[in-house]
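Here is the structure we will look at, set down as C-alpha cells.
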There are 2 protein chains.
Amino acid sequence: MAESTARRLEPDMSGTPGQNAELSETSWGRSSSRSAKPSRRRESISHTAIVNGAIDVLDREGLDALSMRHLAEVLGIGAASLYWHVGSKDGLLDLVLDQVVGETKIPEPDPDRWQDQLKDVARAQRAMSLRHPWFVRVTLGRIPIGPNSLRHSEHVLAILRAAGIPSHVAVQGYLLLVSAVNGFTIDETGVEDSPNVIDLPRDGETRQHSAEMARDYLAALPPSQFPNMTSLADEFALADTDERFELLIDTFVAGLARHVTKS
Amino acid sequence: MAESTARRLEPDMSGTPGQNAELSETSWGRSSSRSAKPSRRRESISHTAIVNGAIDVLDREGLDALSMRHLAEVLGIGAASLYWHVGSKDGLLDLVLDQVVGETKIPEPDPDRWQDQLKDVARAQRAMSLRHPWFVRVTLGRIPIGPNSLRHSEHVLAILRAAGIPSHVAVQGYLLLVSAVNGFTIDETGVEDSPNVIDLPRDGETRQHSAEMARDYLAALPPSQFPNMTSLADEFALADTDERFELLIDTFVAGLARHVTKS
DNA sequence: ACCTGAACACCGTTCAAGT
DNA sequence: ACCTGAACACCGTTCAAGT
C-alpha cells in the first residue's frame, strides 16, 4: 500500500532529465515545493509523490476510482492533507495531465519530412491516450497550460512552420489535429476503463465478443428501414481502429499540405 | 417548479411527428410505456416527461446539476421513483442522448451534392452540440444505439454510398466524421457549462476577456524557449472557431472525395 | 403497477484544532 | 509549515413498505 510512488517513468522520459524545471512549480522529478530553499523538516509528502500516486491510481483502478479520499489512503495520509498541497482535485488533475503530456517526445523539425513527423506526433498522442485511458476524459474542460503542454505545442508548431505552412493555418491546423485525435481516442478509451485491472484476460476476447454482439444487433434491424446499416453491419462492428486512425491522419495531413507555400 | 415538462420541441422536430415509434420503448412523443395496452390509472409520470425534464435541467443548469435527486424534485416526485422508470442514471442518459439526436434532420441523398450534404450534416451536429453543451460529454463512453441514432447513421451512410464511396471507406469515414466533430465541439463546450444560467450577459464579453488573458499569458513566455508560441500568441488566442470548423470539414470531405470511384 | 422514506456507502471541500 | 478528524452538503442506488 506504500509501493505506489515508484514506477511512473517507463515510457520516454529517460535520457531527458531536468528538462522541465524552472518554468513553474508544476515540475516533475524534483522534490522542490513552491519555495526555493530546500525543505528541511521530515520530508512532508511531496508534490511529485501526490501526482505520481494519482497517476498510479488512475492507470490501475480507473478514473472513477480517483477520489481525494482514496488517493490519500493510498499515500498513507489524511484526505484533508491533500488540499494543503494541491488546492483542489481540479488542481491535482491539471498537474496530472501536464505530467503525462511530458511523456511524449517531439522530434526536431525536418522540413523534408514534415508530413511523417506530424503523423508521428498524432500517433504518439494516440498511444499516450491508450496508455492512460482516462486522459482524454480528464482533458475535456481544461485548457492545457502547464510547462510540458506548452513545450509540446511549441514543438509541433515548429514542425508546421518549418514546413512552410502559413502561421494562421499552422495554428488552426494544430488545434484541429489535437481535437481530432482526442475525438478519435475518446471512442477507443471511453468504454473500457481501467484496463490494468487485476488480470483481465488481455481482452482481445472480450472486445471480439462485444463486436459480434454489435454486428448481430445491427444485422437484425429491419432491412427496409435500414438498408445500409444491415448490409454494412460487418464493416461497422469489425471496423479496424488502427486503419481508421491512419485514414484520419492521412486525410488530415494531405489537407494541410495543400496550404504549403511553394518556395 | 411544475412547468418544466413543456418547451422541449423548438428545433426541428415539428412537422415530422411519430417518425420514431415502434422501434423500441426509447420512443418519443408518445406516452406509451413498455406494454402495448394503453395505461389506465392516473397518468403516472411518463417516460417522456422524465426525459424532457432531464434535458431541461441539463440545458438550463448544466451537466453537474443533473442528479437523480434534483431531477426528481423538479418533476415533483420522489427520487426513488425515477429508478422504477429508467433503471439507472445511465439508462436515463441513453434516452436523453437519443432524444436529442432526433433533433437533427438528414436530407435525402443527392449524389451531385454529396460534399455539401456531408458538410451540412457536420454543421448540424456541431450546432446541436452547441445548443446542448453537455451533449458531447455525456456521449463519451456510450455507443449510441437508440432508434434516432440508428436512423441518423443510416441516413448519413446513404449519402456516402450514393456518392459512390466504397462501403469500407464510407463506414470508416462516417465514424471518423462523428468523432472529429465531437472532438472539435468538446473544446467549444467543455469550459462553459450551463450557458443558459440566469442572465449571464450574453458572454461575448466574457469570452473576449478570457481570450485576451490567454493571449497575454502566451505572449509573456520567454521567447528563447517559445519562439512560436510567443509570436503566434494572437493567432492562438483569437483563433476563430467557425473558421476552424470549416477548415476541418473542408479537409475532411476533400480527403474522402479522393476515394470516390469514377463511374 | 407505481411510489415512497430511509438507509448504505460513498463524494469534494472546509475548518478549527493540533504539532 | 504541515497534518488531522470531524463535519457539511451532497451523490447513485437499494429496499422494505406502502397504496
Side-chain angles (χ1 to χ4, degrees), chain A residues 2 25 31-50 53-54 57-58 61-96 134 137-138 141-142 193-194, chain B residues 2 5 25 31-51 53-54 57-58 61-96 134 137-138 141-142 193-194:
Chain A
E25 61 277 19
S31 60
S32 72
S33 50
R34 72 249 296 140
S35 75
K37 52 187 158 187
S39 61
R40 335 171 266 100
R41 299 188 173 277
R42 64 93 163 66
E43 287 300 288
S44 96
I45 184 85
S46 73
H47 230 157
T48 315
I50 294 176
V57 169
L58 287 165
E61 302 183 62
L63 180 54
D64 290 342
L66 185 75
S67 72
M68 296 299 266
R69 284 172 158 94
H70 181 52
L71 174 58
E73 188 191 21
V74 167
L75 295 173
I77 61 177
S81 305
L82 283 175
Y83 285 85
W84 195 92
H85 293 279
V86 296
S88 68
K89 185 178 185 180
D90 233 58
L92 172 58
L93 288 178
D94 282 338
L95 299 179
V96 162
W134 41 269
R137 273 170 297 166
V138 173
R142 268 160 246 278
D193 208 0
S194 59
Chain B
T5 49
E25 61 275 21
S31 60
S32 72
S33 50
R34 72 248 298 142
S35 74
K37 52 185 156 185
S39 61
R40 331 169 270 101
R41 298 186 174 279
R42 62 91 164 68
E43 286 301 288
S44 95
I45 183 83
S46 74
H47 231 160
T48 315
I50 294 177
V51 172
V57 169
L58 287 165
E61 301 183 64
L63 180 53
D64 290 342
L66 185 74
S67 72
M68 296 300 265
R69 285 172 157 93
H70 180 52
L71 174 57
E73 187 191 21
V74 166
L75 294 173
I77 61 178
S81 305
L82 284 175
Y83 286 84
W84 195 92
H85 293 279
V86 295
S88 67
K89 186 178 184 180
D90 232 59
L92 171 59
L93 289 177
D94 283 337
L95 300 179
V96 162
W134 41 269
R137 273 170 297 163
V138 174
R142 269 159 244 277
D193 209 0
S194 59

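Convention: sequence-line order gives letters A, B, ...; per-chain numbering from 1.
Following rounding to the nearest Å, A:L82 (CG) and D:dC3 (C1') show an atom-to-atom distance of 11 Å. In this structure, B:E73 places its CD atom 16 Å from C1' of C:dT4, rounding to the nearest Å. Following rounding to the nearest Å, A:L75 (CG) and D:dT4 (P) show an atom-to-atom distance of 11 Å. Between B:W84 atom CH2 and C:dC2 atom C1' the separation is 6 Å, expressed in whole Å.
Counting only Watson-Crick and G-U wobble pairs whose two distances sit under 3.5 Å, DNA chain D takes part in these stems of three or more pairs: C:4-8 with D:12-16, C:12-16 with D:4-8.
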Task: Annotated protein contacts, base or backbone, on nucleotides 7-19 of chain C with a non-hydrogen cut-off under 4.0 Å, one of B, S, - each - done: B---BBBBB----
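Shown here for B:A79 and B:A72, the closest heavy-atom pair between the two residues is CA-CB, 3.4 Å. For the pair B:S46 and B:A49, the tightest heavy-atom approach, listed with the atom from each and the gap, is OG-N, 3.0 Å.
Put simply, the side chain of B:V86 reaches to within 4.5 Å of the side chain of B:H47, judged on heavy atoms. Looking at heavy atoms from C-beta onward, A:L75 lies in side-chain contact with A:L82 at the 4.5 angstrom threshold. Between A:H70 and A:E61 the shortest side-chain heavy-atom distance falls below 4.5 Å. Looking only at side-chain heavy atoms (C-beta outward), A:M68 and A:L92 come within less than 4.5 Å of each other.
Side-chain N/O atoms of A:S81 include none lying less than 4.0 angstrom from OP1 or OP2 on D:dC2.
In this structure, B:I50 CD1 and B:I77 CD1 are separated by 5.5 Å, a value rounded to the nearest 0.5 Å.
D:dA9 and C:dA9 are spaced 22 Å apart, taking the P atom of each and rounding to whole Å.
With B:V96 as the partner, the side chain to side chain contact (heavy atoms under 4.5 Å, CB included) test is satisfied by one option alone out of B:L58, B:L66, B:V138, B:V57: B:L58.
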